[in-house]
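Data first, discussion second: the structure below is written as structure tokens.
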Amino acid sequence: MVSLSDILTKLKTLSIHGSLDRAVKSIIFDSRKVESNACFVAMKGTQSDGHRFIESAIEKGATTIVCETLPEKLDQTVTFIQVENSAQALGLLANAYFDFPSKKLHLIGITGTNGKTTTATLLYRLFTTLGYKVGLISTVENKIGEKVLPTKMTTPDAVSLNALIDEMVTTGCEYAFMEVSSHAVSQHRIEGVYFAGAIFTNLTHDHLDYHKTFKDYLNAKKRFFDNLSKTSFALVNIDDKNGRVMVQNTKAEIQTYGLRQMADFKAKILENSLSGLHLYFNDTELFSRLIGTFNAYNLLSVYGAAILLGQNEEEVLPAISNLETAEGRFEYMHDKSTGRTAIVDYAHTPDALEKVLTTIDHLRTRKEKVITVVGCGGDRDKTKRPLMAATACKYSDQVILTSDNPRTEDPEVIINEMEAGVPANAQNKVLSITNRLQAIKTACRMALKGDIILVAGKGHEKYQEINGVRHDFDDKAVLKKELYND
């Protein structure tokens with residue numbers, strides 16, 4: 001337990017009713033999980049308002065209530081703390097409750113539309129190779145050293161996040177690499193967390209179901225950099241037009257990386273093939289098993305971050321050359337008996353899909369077909385659906401539109417909305433197969449010797465979410481069975 005007065009040090013309060021001389025056993029924002037001596041933070045969410053459950057929380061043993069609107073009647077045995085923003089307060093309270101764990105290691109946040117998972121994972125693997133115990137917080141998995149923890153969202157809630165970082169510190173992690181989503185910034189999940197550095201990958205069309213406008217989406221990312229300390233670094237992709245925007249108001253040390261423009265960390269692609277990338281990093285040649293221009297950017301940001309964190313270049317470069325990609329990020333398999341190649345990628349935005357397909361386009365010989373299987377998630381930004389189909393048609397010889405994670409939507413309705421983006425001259429090369437398993441099987445049966453199959457959208461995911469239920473489904477496993485067991 002900690003003292004209530006101790007965890008209020010960073011919190012701006014509107015009013016306090018009751019004693020601050022009480023112990024706090026836990027910080028809770030879900031009334032169903034309240035226990036005795038808990039501090040319950042009532043938040044106004046998108047689905048429900050936590051203020052409705054204050055009375056229930058008190059009945060379950062909460063002795064401190066943090067809220068934006070005070071109840072009409074105040075229980076005299078309970079301390080009520082009124083704040084302007086409960087979500088922001090939750091982050092600050094969680095940070096203080098765990099004694100500011102993010103200041104006890106080097107925490108690096110990675111944000112952007114695409115490349116977050118790959119960059120965070122590569123940094124985790126690089127620093128592990130360099131001999132450090134490292135933490136990872138990502139879409140695919142959370143890790144403390146070699147210990148793997150399940151993950152439900154890109155960036156955890158404020159309490160879970162601080163608890164996770166605290167465990168990293170306790171078990172000896174010196175570095176941690178973390179994806180920072182725009183949702184996390186908007187919802188104050190990283191409030192009060194100290195970042196030794198931040199990386200910006202790129203910004204393209206995504207999450208407009210939540211942010212409504214691209215400007216709001218951009219500003220959410222930008223706030224992450226606005227709140228960095230002057231002792232931190234901000235490493236941005238200068239080739240992306242939004243790179244400069246991200247750091248307009250930051251107090252952090254600004255560093256840049258890029259392939260096309262002058263930058264602090266610059267690379268040149270000497271060769272890009274299915275065997276990997278041959279790169280020129282500043283003054284050194286480097287070979288990587290990763291494929292594609294987008295991975296050249298990812299590797300360059302990893303290199304830049306490592307140098308900014310004081311690592312030895314002579315140790316970093318050889319270690320980078322041996323790194324493997326994150327699961328579900330341009331993972332490919334090759335069937336030697338038929339010469340067919342299959343690629344699984346998480347690409348679920350028009351820009352990400354275009355990056356993957358242009359990479360394939362640069363690597364192909366023109367003697368083979370590119371067959372793309374792609375869908376769009378339900379209950380998400382609908383405006384990108386026709387764009388995804390149009391992008392797939394532009395770079396593919398055959399396109400199969402299918403179901404992704406339909407969630408609560410009708411998958412056929414989603415596919416119909418994708419079909420609206422199919423150009424008139426591409427109608428004859430597009431199939432719509434709602435069942436994802438059948439769609440992948442069909443792609444494999446259509447593929448001839450040397451052809452390339454891309455299955456996009458779900459990447460590392462081992463499930464398909466339909467009407468609130470997650471069914472076992474693994475794109476990679478299906479492809480392996482179809483390619484090698486035909």
Side-chain angles (χ1 to χ4, degrees), residues 1-104 137 142 144 149-153 155-171 183-184 186-194:
M1 290 197 191
V2 299
S3 167
L4 175 57
S5 59
D6 287 344
I7 64 173
L8 294 181
T9 54
K10 301 290 184 180
L11 193 64
K12 291 182 180 179
T13 60
L14 299 179
S15 65
I16 297 176
H17 306 267
S19 174
L20 297 182
D21 185 21
R22 66 168 75 245
V24 174
K25 185 178 181 181
S26 57
I27 308 289
I28 304 290
F29 61 93
D30 183 343
S31 61
R32 295 168 296 183
K33 299 178 181 179
V34 170
E35 57 185 350
S36 61
N37 294 312
C39 170
F40 174 65
V41 182
M43 296 197 301
K44 295 178 180 177
T46 55
Q47 303 296 324
S48 63
D49 185 350
H51 289 75
R52 293 170 45 213
F53 305 104
I54 289 176
E55 186 176 336
S56 171
I58 294 173
E59 289 174 356
K60 291 180 179 178
T63 52
T64 302
I65 302 294
V66 176
C67 56
E68 295 175 17
T69 305
L70 292 168
E72 291 185 7
K73 293 183 180 180
L74 302 182
D75 187 323
Q76 299 303 307
T77 65
V78 175
T79 300
F80 290 87
I81 300 171
Q82 186 182 20
V83 296
E84 186 174 331
N85 186 311
S86 293
Q88 186 178 47
L90 178 68
L92 295 172
L93 288 168
N95 206 358
Y97 179 86
F98 289 100
D99 194 25
F100 311 100
S102 55
K103 292 188 175 182
K104 299 174 183 177
I137 303 172
N142 296 332
I144 301 176
L149 303 170
T151 178
K152 293 182 179 179
M153 58 181 70
T155 309
D157 66 78
V159 178
S160 300
L161 174 60
N162 280 279
L164 183 58
I165 298 172
D166 183 58
E167 186 177 351
M168 290 176 181
V169 171
T170 302
T171 56
H183 291 68
S186 296
Q187 296 169 8
H188 300 282
R189 288 186 231 153
I190 59 170
E191 197 71 37
V193 175
Y194 174 76

Backbone N or O of [Y] within a donor-acceptor pair of the [X] side chain at under 3.5 Å?
{"X": "H51", "Y": "E68", "result": "yes"}
{"X": "S102", "Y": "Y194", "result": "yes"}
{"X": "D49", "Y": "R52", "result": "no"}
{"X": "N95", "Y": "G91", "result": "no"}
{"X": "K12", "Y": "E84", "result": "no"}

If you measure from [atom1] on [X] to [atom2] on [Y], what distance do you get to the nearest 0.5 Å?
{"X": "M168", "Y": "T170", "atom1": "CE", "atom2": "OG1", "value": "11.0 Å"}
{"X": "T63", "Y": "N37", "atom1": "OG1", "atom2": "CG", "value": "4.5 Å"}
{"X": "L90", "Y": "R189", "atom1": "CG", "atom2": "CZ", "value": "11.0 Å"}
{"X": "F53", "Y": "S48", "atom1": "CZ", "atom2": "OG", "value": "5.0 Å"}
{"X": "I65", "Y": "I54", "atom1": "CD1", "atom2": "CD1", "value": "6.0 Å"}
{"X": "S86", "Y": "F40", "atom1": "OG", "atom2": "CZ", "value": "9.0 Å"}

Identify the two heavy atoms, one from [X] and one from [Y], that lie closest to each other, and give their separation to 0.1 Å.
{"X": "C39", "Y": "L93", "value": "SG-CD1, 4.4 Å"}
{"X": "L161", "Y": "P156", "value": "N-CB, 4.0 Å"}
{"X": "L4", "Y": "L8", "value": "O-CG, 3.3 Å"}

**Prompt:** Is it the case that more than 12 heavy atoms not belonging to K103 sit under 6.0 Å from its NZ atom?
**Reply:**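 Result for NZ/K103: open.
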**Message:** Restricting to side-chain hydrogen bond (donor to acceptor under 3.5 Å, both in side chains), what partner residues turn up for S31, sequence neighbours left out?
**Reply:**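 Applying side-chain hydrogen bond (donor to acceptor under 3.5 Å, both in side chains) to S31 gives none.
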**Message:** What verdict does the side-chain contact (heavy atoms from CB on, under 4.5 Å) test give for V159 and V41, after you've listed the backbone C-alpha separation in whole Å, the side-chain angles of each residue and the deciding distance to 0.1 Å?
**Reply:** CA-CA 11 Å; V159 178; V41 182; over 6 Å; no
With sequence neighbours excluded, what pairs up with [X] under the side-chain contact (heavy atoms from CB on, under 4.5 Å) test?
{"X": "S56", "result": "K60"}
{"X": "S15", "result": "H17, L70, Q82"}
{"X": "K33", "result": "I28, D30"}
{"X": "E35", "result": "K25, S26, A38"}

**Asked** Would N162 and Y97 satisfy side-chain contact (heavy atoms from CB on, under 4.5 Å), going step by step from the backbone distance to the final call?
**Response** CA-CA 9 Å; N162 280 279; Y97 179 86; over 6 Å; no
Using distance only, find each side-chain donor-acceptor pair of residues 71-80 under 3.5 Å and give its atom names and separation, not counting sequence neighbours.
residue, atom, partner, partner atom, Å
D75, OD1, T77, N, 2.8
D75, OD1, T77, OG1, 2.6
Q76, NE2, L74, O, 3.0
T79, OG1, S19, N, 3.4
T79, OG1, S19, O, 2.5
T79, OG1, R22, NE, 2.8
T79, OG1, R22, NH2, 3.3

**Request:** Check the pair I58, V34 against side-chain contact (heavy atoms from CB on, under 4.5 Å), reporting the backbone distance first and the verdict last.
**Result:** CA-CA 8 Å; I58 294 173; V34 170; over 6 Å; no
